[in-house]
Each structure stands twice: as C-alpha cells, then as structure tokens.
Undergrad: 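This is the structure, below, for whatever I ask next.
A quick note: this is a predicted structure, and the numbers were derived from the prediction, not measured.
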Amino acid sequence: MKGDRVEIVVDAGDTTRTYEVVASRAGRRVETAVRRGVVEVSEVTRSGTVVRTARFMANRVLALVEQPVPRDDDADGERPLREVPKS
C-alpha cells in the first residue's frame, strides 16, 4: 500500500547509517526477506514485479523497522463488526 515504509539501520564501521524503502505509488507494497545471510527489502507491484531492491549483509543490520500505513477501516486497531445475514 502506498506509504508503507521499512527503515534499515546498518553498522558502517565507526558509525551507523539509516536507509528507507518506501512504497512510492498506489498499489505497491514493501516486502522483507532474510536469505543466506542477506537482508533484502523490495518494493513490489500488485502483480509481484519487483521495482527496486535494497540488500544488506545480515550481520551488519542493527535494526529493521517495518512501518505499515494505518488503513481507514482499521484505524483504531479493531476490525468493524459486520452483520451476518440470516439464512
């Protein structure tokens, strides 16, 4: 969803660096994966096509913060009740 964001804090030797991957357009989302010692953060379209990817060595990553956009129907953290029709 547009606005989904992942922040990655990486150890850069004597300092830390912070990177952000943001879903820049409507219908895109940000996905994270950890494979073979590599943290991969990708911006993906609805159809699953990867638009851009950021890769970091897992032993250098200090923090990985996923910040999803609050949805209108789910703003207070609870799903609204829906009436079930009688059969």
Side-chain angles (χ1 to χ4, degrees):
M1 171 175 249
K2 180 178 178 180
D4 280 353
R5 185 171 63 146
V6 175
E7 292 181 43
I8 307 101
V9 181
V10 179
D11 178 20
D14 59 339
T15 185
T16 60
R17 292 190 182 186
T18 303
Y19 298 92
E20 282 188 344
V21 177
V22 180
S24 59
R25 290 183 153 184
R28 293 189 180 170
R29 63 187 184 278
V30 179
E31 294 182 350
T32 59
V34 180
R35 298 184 194 119
R36 301 179 128 201
V38 176
V39 174
E40 189 174 282
V41 182
S42 302
E43 181 180 357
V44 181
T45 64
R46 288 181 188 163
S47 63
T49 305
V50 177
V51 177
R52 61 188 173 127
T53 301
R55 291 186 183 100
F56 305 93
M57 294 187 62
N59 61 350
R60 293 289 188 180
V61 175
L62 300 175
L64 186 68
V65 182
E66 296 178 350
Q67 299 178 347
V69 173
R71 301 206 170 114
D72 293 336
D73 65 338
D74 194 35
D76 59 352
E78 295 181 5
R79 293 187 162 220
L81 293 176
R82 189 176 63 168
E83 188 176 80
V84 178
K86 294 179 184 179
S87 42

Undergrad: Could you tell me whether the side chain of L64 reaches within less than 4.5 Å of the side chain of V39, counting heavy atoms only?
TA: yes

Undergrad: Roughly how far, to the nearest 0.5 Å, is the OG atom of S24 from the CZ atom of R5?
TA: 14.0 Å

Undergrad: Considering all heavy atoms of both residues, which atom of V30 and which atom of A23 are nearest to each other, and what is their separation?
TA: CG2-N, 3.6 Å

Undergrad: Is there side-chain contact between V61 and V34, with at least one heavy-atom pair below 4.5 Å?
TA: no

Undergrad: Does a side-chain heavy-atom distance below 4.5 Å link V51 with T45?
TA: yes

Undergrad: To the nearest 0.5 Å, what is the distance between CZ (R60) and CZ (R17)?
TA: 11.5 Å

Undergrad: Can you measure from CG (D11) to OG1 (T16) and round to the nearest 0.5 angstrom?
TA: 8.0 Å

Undergrad: Is atom CZ of R35 surrounded by more than 12 heavy atoms (other residues, nucleotides or ligands) closer than 6.0 Å?
TA: no

Undergrad: Kindly give the heavy-atom pair with the smallest separation between V22 and E43, and that separation in Å.
TA: O-OE1, 3.4 Å

Undergrad: Determine whether V10 and L62 fall in the same hydrophobic cluster, where Ile, Leu, Val, Met, Phe, Trp and Tyr are linked whenever their side-chain heavy atoms lie under 4.5 Å apart.
TA: no

Undergrad: Using 0.5 Å steps for rounding, measure from the CD atom of E7 to the CD atom of E66.
TA: 11.5 Å

Undergrad: Return the CD1 to CZ distance between I8 and R55, rounded to the nearest 0.5 Å.
TA: 13.0 Å

Undergrad: Does one hydrophobic cluster hold both V9 and F56, with members joined at side-chain heavy-atom distances below 4.5 Å?
TA: no

